[in-house]
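Only one structure is covered here, and it is reproduced in the block below.
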Amino acid sequence: MAAINVTLPDGSVKQVPQGTTPYEIAEQIGPKLAKAAVAAKVDGKVTDLKRPLDRDVALEIVTVDSPEGLEVLRHSTAHLMAQAIRRLYPGTKLAIGPVVGERFYYDIDCPKSLTVEDFPAIEAEMAKIVKENWEIRREEISKADAEALFREMDEPFKLEILEGLQDGEISLYRQGEFVDLCRGPHVPTTGYIKAFKLLSVAGAYWRGDSSRPMLQRIYGTAFPKQSELEAYLQRLEEAARRDHRRLGPALGLFSFHEESPGFAYWHPKGQILYRTLENFSRELQEARGYQEVATPWISRSQLWEQSGHWEHYRENMFRMEYEGESLAVKPMNCPNHCLMYKEQTRSYRDLPIRFAEYGPLSRYELSGTLHGLMRVRGFHQDDAHLYVREDQIEQEIFGVLELFDVVYSTLGLKYSIKLSTRPEKFLGTVETWDRAEQALMRALEKAGRPYEINPGDGAFYGPKLDIYVTDALERVWQCATVQLDYQLPERFDLTYVDADGSHKRPVMIHRAIFGSLERFIGILVEHFAGAFPTWLAPVQARVIPVGINYFEYAYGVAEKLKRMGIRVEVDSRNEKVGYKIRDAQLQKIPYMLVVGEKEAASGTVAVRHRSRGDLGAQDVEAFGRAVADEIARRALD
RNA sequence: GCCAGUGUAGCUCAAUGGUAGAGCGGCUGCCUUGUAAGCAGUAGGUUGCGGGUUCGAGCCCCGCCGCUGGCUCCA
């Protein structure tokens with residue numbers, strides 16, 4: 001048999017007989033590697049460990065703890081689950097079973113409507129199949145054979161998937177009695193799957209099409225080791241503990257009532273948080289040449305017809321009719337800002353013009369999509385529209401990026417940027433698009449911000465930057481986008497007079513830093529687990545008198561601190577100190593100030609910080625100055 | 001909107017189709033309190049809403065609403 005050359009990642013070349021499997025090579029390298037191996041990367045493509053090599057290749061052994069290895073493991077677990085479900089619920093049709101992030105799912109059409117209560121039985125069956133340790137075999141067959149097979153098995157979804165495949169690219173994977181149409185790769189045997197758990201069940205449309213049948217989607221996850229699975233499950237629990245829908249009401253920030261689905265009720269403490277963030281934004285924007293405006297929240301539909309919203313966005317707008325007149329509540333501010341721009345003849349010297357607005361916006365979101373503060377029907381953005389000359393795009397985008405950075409670094413949030421470029425259907429000319437995209441890239445590079453490109457993902461009216469925030473639990477949220485817009489200036493016939501006296505079209509930049517304040521606060525609640533930095537905390541200090549004899553002193557301390565700009569309250573309940581400390585801790589109040597005999601006599605407070613613990617006695621004035629400074633610096637804990 | 005689940009006191013949860021309960025929280029009183037829960041008492045409910053089955057419904061059936069997990073959507 002001929003020999004082939006296998007190049008390993010360290011550059012060394014191994015000569016082996018043709019038909020050698022990656023697994024055998026792994027064994028030669030070392031038993032430890034062979035044990036951790038779940039797949040192989042052949043010329044950069046992930047493939048099965050036991051698929052024979054037939055030519056010279058570059059080979060990398062994929063171990064179970066690598067990103068690719070984990071994906072293989074989870075994908076195989078999806079098959080394992082499908083096999084178990086098939087055994088338990090005969091007649092189940094399989095659709096697709098991919099890996100998404102740390103989870104996998106399988107969409108199935110099952111005669112029984114499954115719930116989490118069915119999970120233990122399915123998991124038990126999965127464990128059984130693991131124990132049976134079936135070899136997972138790849139088989140390549142012709143399209144005709146595959147069609148015959150899945151027709152015989154009565155698998156309509158697989159047949160539909162087959163329709164889109166070509167002869168020569170069809171593979172099956174078998175383990176025991178189970179067979180599935182699959183590209184692979186998979187772990188060598190079912191015994192490789194050690195730690196898994198089914199997580200949830202939900203509905204999902206076949207092929208994501210709401211006119212197609214609704215399938216059951218079972219989510220699960222798998223890890224190389226039980227301990228890693230448990231760590232993951234603990235992270236889910238931590239996320240549940242931090243859930244803003246639970247913490248928000250518990251901290252007195254906001255509530256929801258079924259009388260107004262999708263609209264938050266902001267309680268006094270939540271409103272402080274809200275206003276503090278809004279004012280933070282105001283302060284930064286005023287310093288950067290933004291002008292705050294306020295525009296109508298209800299307009300005649302002709303405005304929305306002119307802006308194009310009526311055509312493209314009507315279904316998401318709250319609409320109404322009075323005196324035969326069609327009206328709508330604004331879902332965005334841009335058309336109103338365009339009207340204001342147009343009130344005057346603008347000179348090239350006037351640009352850029354930056355209108356900022358914090359007013360209420362409403363969007364009709366489908367009832368099933370509402371989710372706490374994260375998805376609402378009524379919200380406010382820290383919205384702004386910049387009217388700029390084309391030669392100002394780069395500089396203005398650079399300014400917006402700087403603003404992003406100030407806001408997110410102040411809050412200790414990591415973020416990443418994606419640039420979405422010209423889609424297939426677009427407005428304007430290729431040249432304009434190219435120039436705009438170039439300007440965005442130059443601004444990003446000037447700002448020193450790394451970014452990824454999403455080719456073809458821009459809006460039809462202009463390219464955009466999406467900002468993704470990563471929170472304390474490493475979850476990623478999209479908060480804001482910066483979009484260049486060539487269409488609205490056109491639709492509203494916006495112009496400016498250039499140096500040569502000619503009328504030119506400005507470019508519009510839509511941008512928001514927080515995005516929706518509601519959503520952003522939801523993210524912050526979960527990010528900080530309710531323990532906001534002092535400058536954001538609704539109550540920054542709580543004075544805890546040891547007994548009624550010290551109430552007067554406590555109120556005096558509170559008065560002094562209030563005058564120093566600190567949000568402070570006195571716990572005047574008839575309770576023990578331990579009780580009041582516990583309550584203040586649960587309310588995540590940054591500073592607890594215990595006052596009694598010693599403090600009253602010396603004009604001090606005994607300071608306890610929610611996370612740093614007992615800080616000892618401090619002079620009231622000195623404490624006040626230190627906290628005022630912490631607030632002014634917007635310090636993180 | 002769609003599929004599934006779910007809805008009992010402010011919160012967390014009990015109650016084989018047979019008189020709706022507990023803990024926490026609230027309020028009142030006692031204790032006079034020193035760094036994560038003192039003691040006692042007390043109020044609080046048309047069991048989401050509307051129909052139906054039944055001698056009898058928190059529980060079973062139908063419709064509606066909210067919420068949850070997803071899907072779809074997201075200028």
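Below, read A as the first sequence line, B as the second, and so on, with proteins coming before strands; counting in each chain starts at 1.
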Return yes if a side-chain donor-acceptor contact under 3.5 Å exists between [X] and [Y], otherwise no.
{"X": "A:E357", "Y": "A:T295", "value": "yes"}
{"X": "A:T369", "Y": "A:H371", "value": "no"}
{"X": "A:Q381", "Y": "A:S516", "value": "no"}
{"X": "A:Q585", "Y": "A:R608", "value": "yes"}
{"X": "A:Y550", "Y": "A:E597", "value": "yes"}

OP1 or OP2 of [N] less than 4.0 angstrom from a side-chain nitrogen or oxygen of [X], does that happen here?
{"X": "A:Y105", "N": "B:G69", "result": "no"}
{"X": "A:H371", "N": "B:G69", "result": "yes"}
{"X": "A:R217", "N": "B:G69", "result": "no"}

Q: Could you run through nucleotides 29-35 of chain B and give me one letter per nucleotide, 5' to 3': B if any protein heavy atom sits under 4.0 Å from the base, S if only the sugar-phosphate is that close, - if neither?
A: -BBBBBB
Q. When every nucleotide of nucleotides 1-13 of chain B is labelled 5' to 3' by its protein contacts under 4.0 Å (heavy atoms), B for base, S for sugar-phosphate only, - for none, what sequence of letters results?
A. BBBSS--------
Hey, can you tell me if [X] and [Y] have their rings parallel, tilted or perpendicular (30° and 60° cut-offs)?
{"X": "A:F263", "Y": "A:F318", "value": "tilted"}
{"X": "A:H385", "Y": "A:H337", "value": "perpendicular"}
{"X": "A:Y591", "Y": "A:F623", "value": "perpendicular"}

Expressed as a whole number of Å, how far does the [atom1] atom of [N] sit from that of [M]?
{"N": "B:G58", "M": "B:A15", "atom1": "P", "value": "15 Å"}
{"N": "B:C30", "M": "B:G69", "atom1": "P", "value": "47 Å"}
{"N": "B:G66", "M": "B:G52", "atom1": "P", "value": "24 Å"}
{"N": "B:A57", "M": "B:U8", "atom1": "C1'", "value": "14 Å"}
{"N": "B:G56", "M": "B:G51", "atom1": "P", "value": "16 Å"}
{"N": "B:G38", "M": "B:A43", "atom1": "P", "value": "24 Å"}
{"N": "B:U54", "M": "B:C49", "atom1": "P", "value": "23 Å"}
{"N": "B:G45", "M": "B:A37", "atom1": "C1'", "value": "27 Å"}

Q.
Once you apply a heavy-atom cut-off of 4.0 Å, does A:F256 come out as touching a base, just sugar-phosphate, or nothing?
A.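 It contacts nothing in the nucleic acid.
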Expressed as a whole number of angstroms, how long is the span from [X]:[atom1] to [N]:[atom2]?
{"X": "A:E259", "N": "B:C64", "atom1": "CD", "atom2": "P", "result": "20 Å"}
{"X": "A:F379", "N": "B:C74", "atom1": "CZ", "atom2": "P", "result": "15 Å"}
{"X": "A:L370", "N": "B:G70", "atom1": "CG", "atom2": "C1'", "result": "14 Å"}
{"X": "A:I218", "N": "B:C71", "atom1": "CD1", "atom2": "P", "result": "14 Å"}
{"X": "A:Y579", "N": "B:C39", "atom1": "OH", "atom2": "C1'", "result": "14 Å"}
{"X": "A:I544", "N": "B:A37", "atom1": "CD1", "atom2": "C1'", "result": "13 Å"}
{"X": "A:R582", "N": "B:A36", "atom1": "CZ", "atom2": "C1'", "result": "6 Å"}

Q) From the list B:C74, B:G66, B:C71, which nucleotide is the closest neighbour of the side chain of A:R375? A)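 Output: B:C74.
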Q: Over all heavy atoms of both residues, which pair between A:D118 and A:S113 is shortest? Give the atoms and the distance, please.
A: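 Shortest heavy-atom contact: OD2-O, 4.0 Å.
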Q. Considering heavy-atom distances to RNA chain B, does A:G262 or A:R103 have its closest nucleotide positioned more toward the 5' end?
A.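 First, find each residue's nearest nucleotide; the 5'-ward one identifies A:G262.
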Q.
If you count every heavy atom of other residues, nucleotides or ligands that lies below 6.0 Å from A:K588 atom NZ, does the total exceed 12?
A.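 Counting neighbours around NZ of A:K588, more than 12 heavy atoms of other residues, nucleotides or ligands fall under 6.0 Å, so yes.
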